[in-house]
Structure formats: structure tokens, C-alpha cells
Amino acid sequence: MKSLNFSVMLSIFLIVSCSSSYALSDVSTSSSNGKLYECICQNSDYCVPFSTAFVTPTNDSFNTILQSTAQNLRCLLPSVTKPQLIFTPMTESHVQAAVICSKQLGLQLRVRSGGHDYEGLSYMSDMESPFIILDLSKLRDIVVNTVDNYAWAQAGATVGEVYYRISEKSKTHGFPAGLCTSLGIGGHITGGAYGTMMRKYGLGVDNVVDARIVDANGRILDRQSMGEDLFWAIRGGGGASFGIILSWKLKLVPVPSIVTVFTVPKTLDQNATNILYKWQQVAADKLDEDLFIRVIINVAADKKGEKTIQTAYNSMFLGRADRLLQIMNDVFPELGLTHKDCTEMSWIKSIMYIAGYPSNTPPEVLLQGKSLFKNYFKAKSDFVKEPIPIDGLEGLWKRLMEEDSPLVIWNPYGGMMAKISESETPFPHRKGIIYMIQYLTLWNDPSKESATKHYDWIRRLYNYMTPYVSMFPREAYVNYRDLDIGMNKNESSSFIEASVWGNKYYKDNFNRLVKVKTKVDPENFFLHEQSIPTLPITMKGKSVNHFEM
Ligand SMILES: Cc1cc2nc3c(=O)[nH]c(=O)nc-3n(C[C@H](O)[C@H](O)[C@H](O)COP(=O)(O)OP(=O)(O)OC[C@H]3O[C@@H](n4cnc5c(N)ncnc54)[C@H](O)[C@@H]3O)c2cc1C
Ligand SMILES: *[C@@H]1O[C@H](CO)[C@@H](O)[C@H](O)[C@H]1NC(C)=O
Ligand SMILES: *[C@@H]1O[C@H](CO)[C@@H](O)[C@H](O)[C@H]1NC(C)=O
Ligand SMILES: *[C@@H]1O[C@H](CO)[C@@H](O)[C@H](O)[C@H]1NC(C)=O
């Protein structure tokens with residue numbers, strides 16, 4: 001009782017001390033938001049005025065802020081449940097307070113760094129209790145040290161900003177993470193993080209050496225204080241299951257001062273099918289680790305203006321054009337690469353090239369952290385272990401031709417990816433994988449019919465691909481989150497479904513992730529549609545199933 005009185009008094013004191021800017025009108029619409037504000041004020045080092053860090057649906061800026069980094073328009077439709085509040089922390093202690101207070105008030109917390117989640121899980125929720133968004137966009141400091149070869153990057157920074165800050169200090173240092181520059185480093189690294197240097201240096205997670213997180217009790221932990229089990233789990237075990245990443249310590253890797261890029265398109269009348277068949281045989285195993293050639297497949301018009309399949313070979317090579325041409329002539333002459341196709345440039349320019357910026361865009365644009373495009377989309381992923389035969393490819397072409405705006409991206413593995421064991425990090429797709437497929441369908445029409453049509457198409461395509469891709473389990477990339485493969489929503493089937501997506505995303509590592517989760521977050525505070533479940537399986541702290549490992 002005594003402590004209760006004390007905390008009530010303290011909160012009154014804090015409200016009064018913030019009162020000059022504490023606009024009651026803003027929060028009176030929802031007493032829950034008022035209580036949250038008081039609690040956060042009380043539990044953090046720095047009590048900001050309500051209007052600078054808290055936005056409720058009644059504020060005119062609410063939609064702008066909600067939409068700011070949200071990448072999938074499908075998850076912003078009016079029919080989608082909106083948060084009760086968006087809180088943009090200014091300090092690490094605000095993040096701690098957000099955990100403590102949402103727990104106290106029974107609110108669900110959604111954490112957003114770069115907003116690129118494929119199913120919008122960082123800014124929407126289909127689960128029952130009201131939710132708030134913790135938007136880390138103001139925590140984006142980056143410190144680069146090229147003497148000791150590391151960078152500390154706060155979660156809200158984009159990968160483009162990280163790359164820029166590294167290149168600002170040195171032309172011969174880089175970091176191997178995503179190709180799209182608007183990804184948030186916070187969420188991106190939690191699932192793996194692949195990019196053009198993965199065949200040489202592995203994934204983002206393979207190059208993380210420390211992290212600062214806020215755990216389910218609101219404590220700040222680093223690698224030493226969290227211990228190796230939890231440090232293992234956060235490097236690939238998926239976002240928002242174990243804690244909130246405040247910052248990552250990244251190990252920088254060497255890059256040459258000049259690299260080479262090319263993009264060579266081949267349509268069906270240019271022998272695309274045979275050339276792709278050959279790519280499958282060389283891309284992972286036979287090509288030099290300095291070379292990354294992905295294939296971007298879509299429907300385009302050929303020279304006669306007729307609909308065709310286009311396969312574009314989009315590449316970055318850690319070296320100069322002469323050596324690249326030698327390698328290509330030896331191993332993959334079918335592509336017919338010439339000097340004319342190749343452009344030499346600095347590593348940071350290659351980042352912009354691969355991300356799709358028009359040439360001559362100054363790298364400073366990366367500091368804006370903006371994405372180049374947004375649309376409605378649905379995606380899925382697969383991993384391939386044996387080349388797909390010609391007739392399999394032809395069946396794929398037929399299906400792509402039936403869709404309005406399909407996009408399929410093939411991403412080569414091998415090299416370093418095959419040298420790291422499956423259990424080194426929770427990301428298990430390593431040796432034996434020759435490439436990863438990402439299927440996307442994009443659209444611009446907000447209607448439900450339109451979404452249904454595109455969902456149907458991609459599900460049929462996924463079904464068609466079954467015989468050609470990994471099985472037992474059919475593996476999937478957690479950063480290409482796909483709610484089709486099981487949800488935590490249905491309490492009675494939650495564990496069965498969790499083990500379905502768990503095995504696809506993590507293979508045998510799923511068991512260890514469940515154990516770590518049970519130890520560090522037994523009440524299952526960090527909960528979302530595909531968060532790692534605890535043992536026994538609980539929903540919001542309520543036991544629904546007893547499962548023995
Ligand atoms: C256009 C586009 C291009 C992409 N390109 C690549 C690519 O080249 N390589 C690749 O590997 N992936 C790529 N991805 C996938 C990308 O890695 C994932 O979508 C990733 O989760 C994005 O991280 P984010 O911080 O931007 O997203 P968010 O939506 O903010 O977060 C994603 C998930 O992580 C959680 N989360 C966010 N921040 C934190 C935090 N600080 N601590 C704990 N959990 C957190 C969220 O709650 C959510 O569940 C791409 C995605 C898109 C949309
Ligand atoms: C709405 O939110 C914005 C951005 O946080 C803030 O500047 C503004 O003061 C808020 N408006 C009201 C009426 O509280
Ligand atoms: C198409 O590619 C195949 C296999 O690489 C090759 O044998 C064939 O000669 C090529 N055909 C044409 C017309 O270039
Ligand atoms: C939940 O899952 C159980 C078991 O799979 C199933 O019988 C039930 O119909 C599901 N309920 C809903 C609402 O989907």
C-alpha cells in the first residue's frame with residue numbers, strides 16, 4: 001500500500017512537472033493512453049511533452065506517421081486495425097519504459113524500425129488486445145570505427161545510412177547486408193540479412209559481434225550480460241520475439257576501392273530458358289565468391305512488342321571488369337557478357353546501382369532513409385537444391401504470363417553461405433542450397449477482390465513449385481514473412497501451426513529458439529502472429545497447451 005501511494009504521488013508529481021506541454025485533450029479520449037503516458041514519464045530518464053513523442057488517431061499527423069515507413073500498402077487499408085497510439089522514443093530509457101508500461105497496462109507492443117515487414121507486423125495486429133506502435137525512427141545514430149573495423153548502428157537507422165556512414169570514413173570498408181537501402185537495420189538483421197556480398201562474407205547476422213537490447217523486464221543487456229544463448233537467438237530468430245534491439249555492433253568487412261556491376265536482360269527469344277538453366281548449375285558452386293549474380297524475372301515486352309518473360313542478370317563483382325570477364329568466359333560464357341556491359345565504380349555507388357537509383361544520384365540521398373517505391377504486395381520464398389529442369393521452367397513462365405505484375409527473384413547461395421553450419425545462427429539455409437527464390441505479386445488497386453485474386457495466383461504458383469524446391473521441410477526465409485504458413489491466432493492449434501512455420505524458417509534451430517524464449521520471456525510478452533512460442537505454449541500468459549520437447 002505504501003509503495004502504491006508513493007507511485008501515485010510520484011506520477012502526480014511527474015505530470016505536474018511536465019504539465020506545461022502535457023495536452024490533456026490529446027489523451028483524454030483514451031484513459032489508457034493517459035495512463036501509458038504517465039507510466040512512461042515515471043519510468044524513464046526524460047519526460048518529453050506528450051505532443052512530441054505520442055500520436056493518437058485524433059491527431060491530424062496520425063496517418064502520416066503511421067504510413068511513414070510502412071512498406072506494404074495492403075497493411076494500411078482502412079479495414080486494417082490501427083494502433084491506439086504511436087510512441088516515438090527519444091532515448092533508450094523510453095524504450096525500457098515502453099516495455100515496462102505496456103506490460104503493466106496489458107497493451108500489445110509492436111516494434112518498428114524500417115517498416116519493411118512483408119505482413120506489416122511492425123505496424124498492424126490481428127490479435128485481440130489493443131496495441132501501440134513503438135517507432136524507433138528517432139534512434140538512428142551510427143558510429144563507425146575503421147581502425148578497429150566495427151560500427152555501432154541504432155535500430156532506427158536504415159541500411160543505406162549505415163553503408164553511407166561507412167563509405168564516408170573509408171572506401172575500402174563495407175558491411176554485407178540487404179540490397180534495398182530503406183530497410184531498417186533493427187528489424188532486418190533479426191532475420192538474417194543477405195545482400196551482394198553474402199557469397200564472400202555471409203549474412204548480416206554472421207557479421208554481428210555485439211548488440212544492445214531491452215528485454216521483457218525492461219532491462220538493457222549487451223552480449224555479455226544477455227549470455228550466448230540469447231545472443232545466438234537474436235541473430236536470425238526473427239524480429240520481436242526476444243527483446244527490442246536498441247543497436248547492433250557490426251563487424252566491417254574489406255571491399256576493393258573499385259567494384260564492377262552489370263545488368264544483362266535476356267528474353268525468351270534470346271534463349272533465356274537455356275541460359276537460366278545453365279545459371280542454376282554455376283551460380284552457387286562454380287562462380288568465384290567475389291561474384292554475385294542474381295536473376296530478376298518478370299513479364300515484359302519483347303522487340304516485337306509481344307508479352308514475354310524477361311530474365312535480368314543483375315550483378316556486383318568485388319573486383320575490376322577484366323578479371324570479371326575472365327571468370328565469366330571460363331564458367332558462364334552463355335550469358336555473353338562483354339566489356340560494354342560492365343561498369344566500374346566505388347562500393348557505395350554499387351549499393352545505389354543495385355538498389356535501383358538512377359545513375360548519378362548522389363549517395364547523400366541514402367541519408368534520407370526513404371524507399372523508392374511502395375505498392376500492395378504479397379510474397380513467398382523457397383530454397384532450391386537441384387536445378388529446375390527446362391520443362392519446370394516452362395511451366396513457371398506459363399504461370400507468370402497469367403498474372404498482372406509478377407516478380408520472381410533468384411538469389412545465388414554457395415561460397416561462404418555453404419561454409420557456415422546450420423546451427424551457427426538460427427538462420428539454417430546453408431550448405432546444399434544453390435539459390436533462394438522470392439515470388440512477389442504487386443498491385444495498385446485497394447479493393448478486396450483484387451487482393452483475393454493476387455493471393456489466389458501466388459498460392460497456386462507456390463503449389464506448382466512444390467516438386468522443384470526444398471522439402472521436409474519446405475524451407476522459407478523468415479525475413480520474407482508469410483502468414484499463409486501458420487498463425488498463432490487460433491489458440492487450440494497454435495502450437496501445431498507454430499511448428500509448421502518454425503521448421504520452415506529455422507529447421508532444427510526452432511527447438512532451441514523455443515527454449516531460449518521460454519527462459520527469457522516466460523510470460524510471452526513479445527508476442528505476434530509468428531513470434532517464437534514459449535513452453536508450455538501460452539497466449540498472453542494464459543496456458544493453452546502443454547507440450548513436452
Ligand atoms: C522492398 C524490400 C526489399 C528487401 N530486400 C531485402 C534484402 O535485400 N535482403 C534481405 O535479407 N531482406 C530484404 N527484405 C526483407 C527485410 O529484411 C525484412 O522485411 C526486415 O524484417 C525488415 O526490417 P525493418 O526494420 O525494415 O522492418 P520492420 O517492419 O520495422 O520490422 C520487421 C520485424 O522485426 C520487428 N522489429 C523491428 N525492429 C525491431 C527491433 N529494433 N527489435 C526487435 N524486433 C524488431 C518488427 O516488429 C517486425 O516483426 C526486403 C524487404 C522489402 C520490403
Ligand atoms: C500532433 O502530433 C504532432 C507530431 O507529433 C505534434 O507536433 C502536434 O502537436 C500534435 N497535435 C496535437 C493537437 O496534439
Ligand atoms: C541456347 O543455349 C543453349 C545452352 O546454353 C545452347 O546450346 C544453344 O546453342 C543456344 N541457342 C542459341 C540460339 O543461342
Ligand atoms: C482452430 O484449430 C482447430 C484445430 O486445428 C480447429 O478445429 C478449429 O476449427 C480452429 N478454429 C478456428 C476459429 O479457425
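Here, residue 1 is the first one in the sequence, and each next residue gets the next number. When a ligand or atom number is given, it counts from 1 through the structure's own listing order.
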Inset, instruction - Report yes or no: does a heavy atom of H188 sit under 4.0 Å from some atom of ligand 1? - result: yes

Inset, instruction - Pick whichever of L183, I409, L139, T196 has a heavy atom sitting closest to atom 16 (C) of ligand 1. - result: L183

Inset, instruction - Would you please determine whether F242 falls within less than 4.0 Å of ligand 1 on a heavy-atom basis? - result: no

Legend entry - Min N/O separation H528 to ligand 1 under 3.5 Å: no

Inset, instruction - Could you list the atoms of ligand 2 found under 4.0 angstrom from a heavy atom of V55? - result: 5 (O)

Inset, instruction - Could you check if a side-chain atom of I142 sits within less than 4.5 angstrom of a side-chain atom of W152, using non-hydrogen atoms only? - result: no

Inset, instruction - Could you tell me whether a side-chain N or O of N207 sits under 3.5 Å from a main-chain N or O of Y201, the two making a donor and an acceptor? - result: yes

Legend entry - Contact with ligand 1 for Y477, non-hydrogen, under 4.0 angstrom: yes

Inset, instruction - Show which atoms of ligand 3 fall inside a sub-4.0 Å distance from at least one heavy-atom site of E334. - result: 5 (O)

Legend entry - Which of the ligand 1 atoms, numbered from 1, are nearer than 4.0 Å to a heavy atom of Q71: 53 (C)

Inset, instruction - Answer whether the closest heavy-atom distance between the side chains of W279 and W410 falls below 4.5 Å. - result: yes

Legend entry - For atom 11 (N) of ligand 3, closest protein heavy-atom neighbour: N271 ND2, 2.7 Å

Inset, instruction - Please indicate, with yes or no, if any protein heavy atom is found under 4.0 Å from atom 9 (O) of ligand 3? - result: no

Inset, instruction - Please examine the side chains of F377 and I458, heavy atoms only from C-beta on, and report whether any two atoms are closer than 4.5 Å. - result: no

Legend entry - Polar side-chain atom of Q67 near backbone of T64 as donor-acceptor pair, under 3.5 Å: no

Inset, instruction - Work out whether the distance between some heavy atom of G192 and some atom of ligand 1 is less than 4.0 Å. - result: no

Inset, instruction - Answer with side chain, backbone, both or neither: which part of N72 has a heavy atom less than 4.0 angstrom from an atom of ligand 1? - result: neither

Inset, instruction - Answer whether the closest heavy-atom distance between the side chains of Y313 and L337 falls below 4.5 Å. - result: no

Inset, instruction - For atom 5 (O) of ligand 3, state whether the nearest protein heavy atom is under 4.0 Å away. - result: yes

Legend entry - Distance-only N or O hit between ligand 1 and Y194, under 3.5 Å: yes

Legend entry - Residue Y455 excluded, over 12 heavy atoms near OH under 6.0 Å: yes

Legend entry - For G184, the ligand 1 atoms whose distance to one of its heavy atoms is below 4.0 Å: 23 (O), 24 (P), 25 (O), 26 (O)

Inset, instruction - State if K278 counts as touching ligand 3 under the rule of any non-hydrogen atom under 4.0 Å. - result: no

Legend entry - Heteroatom distance test (G115, ligand 1): nitrogen or oxygen, under 3.5 angstrom: yes

Inset, instruction - Taking atom NZ of K138 as the centre, report whether more than 12 heavy atoms of other residues, nucleotides or ligands fall under 6.0 Å from it. - result: no

Legend entry - pair K378-L440: side-chain heavy atoms closer than 4.5 Å: no

Inset, instruction - Decide whether the shortest distance between a heavy atom of S241 and an atom of ligand 1 is less than 4.0 Å. - result: no

Legend entry - Selection from C180, A177, A193, A70 by shortest heavy-atom distance to atom 5 (N) of ligand 1: C180

Inset, instruction - Write out the residue and atom name of the closest protein heavy atom to atom 48 (C) of ligand 1, then the distance separating them to 0.1 Å. - result: D117 OD2, 3.5 Å

Inset, instruction - Report yes if G178 has an N/O atom closer than 3.5 Å to an N/O atom of ligand 1; otherwise report no. - result: no

Inset, instruction - Start with the C-alpha distance between T88 and R112, add both sets of side-chain angles, then the distance that settles side chain to side chain donor-acceptor pair (under 3.5 Å), and finish with yes or no. - result: CA-CA 10 Å; T88 308; R112 182 164 76 176; over 6 Å; no

Inset, instruction - Look at the side chain of N217 and the backbone N and O of R219, then say whether any donor-acceptor pair between them is shorter than 3.5 Å. - result: no

Legend entry - Residues, nucleotides or ligands: over 12 heavy atoms within 6.0 Å of K519 NZ: no

